[in-house]
2 protein chains.
Amino acid sequence: MVLVPTKSDRRREELAESALTTLGAMGYARASLREIAGNSPFSHGVVHYYFQDKTELVIYSVRHYKRRCVTRYDAVVSDSTSPEELVEAFAAKLAQTIREEAPMHRLWYDLRTQSMFEPALRDAITEIDGTLEAMIWRVVDRYATLAGRPPSVGAPAAYGMLDGLFQQALLAYTAGGEPVLDGLATQVRVVLPLLVR
Amino acid sequence: MVLVPTKSDRRREELAESALTTLGAMGYARASLREIAGNSPFSHGVVHYYFQDKTELVIYSVRHYKRRCVTRYDAVVSDSTSPEELVEAFAAKLAQTIREEAPMHRLWYDLRTQSMFEPALRDAITEIDGTLEAMIWRVVDRYATLAGRPPSVGAPAAYGMLDGLFQQALLAYTAGGEPVLDGLATQVRVVLPLLVR
DNA sequence: ACTTTTTCTTGACAACTGTCAAGAAGCGGC
DNA sequence: GCCGCTTCTTGACAGTTGTCAAGAAAAAGT
């Protein structure tokens, strides 16, 4: 029905974009609505014109972001013609997204953790987490196909393990910067082959 | 020098214990000093008599807790006589600690994530994370020995992957309760063998 | 018993929070 | 130019936060 986004929709996206900057830099708890509005072209009151409350803004923002990003590895999947090529491309992409979007990833882990304390976040987080699992599974499944061997673990386990490595790398990157990213690539080269028979 | 804990030390532990309850239930950001003191035999002002600020109290508390808990799997390591036995005991212990200490684990992941936004937390978190990695490595290394095969990944990768699975299970347990814990045990039975050649 | 020191409570502070209402500003149609 | 509607700003509200100082209470020392 709604083919073009309404003027209201575009404002919401604009606000969401500003919110993501602030949220990514300060985290969920420390990012106040005034601070968020301060990094936007608007004043602090406008938030409640477009969103019911802070939670709705945050959920909208992170949904907005993740929608763009669940396709991050699709090119890796479709362009690779051998298992080795896929591993390299995947490892490179992982390191790249930490380098270029660390604040967004920090925000994501922050929100996912907060959802354990704040039920209002739970549904949205669970849904997004599912799309991330599917995203990772497309990579693993494709790797299995290229290698001609069946996966050795299910989608949840594959996601859990790779997400654990990613989170560890993000944490180390936050404290130690660039150098640690090589370690992540090395780990991925070792781990992906373990995920197929 | 100090063989017995001073009276002051015991008060600090007492406060830390109360703080852990509140922090575990509400998370780092939402647990105010008044709330923490409210769940203790003292009033809210006493915190600044024993701790310089909130951060110091929180770090002291989580250090206090983790010191007790890094030995959690040591019995598993020393009592197992076959790889299969170790896997079962380890999987059972993982599920048990989620069941019995979920709030503490939520708090830990909360603090670890906050450390990416708050440099004041970083040193303590990094140090504790190292002891957890060592704890997990003792399990994996022992499994490798019992299986008569060398580990296929290093300590950081082993910790990253297993921690990822654990965190995923904790998240699912928080939303879905008891039933999901069987899944964790199943995953561990599949994954541990992948960590040795 | 009196003094000194340690321990703890109370009440206040300035700053900050999410929320909302009143009205200004902008903008369409007429 | 005027009206009505949408959009946005301003300023206020009630509540909360970490922090700290003043002094009460308790304990220790003499």
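When reading the values below, keep in mind they use all heavy atoms of this one structure, side chains included, and skip hydrogens, waters and symmetry mates. Chain letters run A, B, ... following the sequence lines, proteins first and then strands; every chain starts at 1. Owing to the predicted nature of the structure, the values given are computational and were not obtained by experimental measurement.
Between the side chains of A/E100 and A/Q96, at least one donor N or O sits under 3.5 Å from an acceptor N or O. Donor-acceptor pairing under 3.5 Å is lacking for the side chains of A/T21 and A/N39.
Extent of DNA chain D lying under 4.0 Å from chain A heavy atoms, first and last nucleotide in 5' to 3' order, is D/dT6 to D/dA12.
By the 6.0 Å and 45° rule, A/R99 does not stack over the aromatic ring of A/Y173.
A salt bridge links B/E127 with B/R63; the closest basic N to acidic carboxylate O contact falls under 4.0 Å. A/R10 has no carboxylate O lying under 4.0 Å from a charged side-chain N of A/E13, or vice versa, which leaves the two without a salt bridge.
Scanning residues 11-22 of chain A for heavy-atom distances under 4.0 Å to DNA chain D yields A/R11. Listed in residue order, the members of residues 51-64 of chain B having a heavy atom less than 4.0 Å from DNA chain D are B/D53, B/K54.
Protein atom CZ of A/R34 is 11 Å distant from nucleotide atom C1' of C/dA15, rounded to whole Å. At whole-Å resolution of the value, CZ in B/R10 and C1' in C/dT6 are 15 Å apart. Straight-line distance from the NE2 atom of B/H48 to the P atom of C/dA12: 19 Å, rounded to whole Å.
DNA chain C is contacted by both B/P41 and A/A31; B/P41 maps to the nucleotide lying nearer its 5′ end (nearest heavy atom per residue).
In the displayed structure, A/E178 atom CD is contacted under 6.0 Å by more than 12 heavy atoms of other residues, nucleotides or ligands. Within 6.0 Å of NZ on B/K66 lie more than 12 heavy atoms contributed by other residues, nucleotides or ligands. Heavy-atom neighbours of B/D123 CG from other residues, nucleotides or ligands within 6.0 Å: at or below the threshold of 12.
Between B/M26 atom CE and B/R106 atom CZ the span is 14.0 Å, to the nearest 0.5 Å. Taking CZ from B/R112 and OG1 from B/T126, the interatomic distance works out to 10.5 Å, rounded to the nearest 0.5 Å.
If you check every strand for non-hydrogen atoms under 4.0 Å, B/Y49 touches a base. The residue B/S32 sits close only to the backbone: its heavy atoms come under 4.0 Å of sugar-phosphate atoms, none of a base.
In this structure, B/L86 and B/V76 approach most closely via the heavy-atom pair O-CG1, 4.0 Å.
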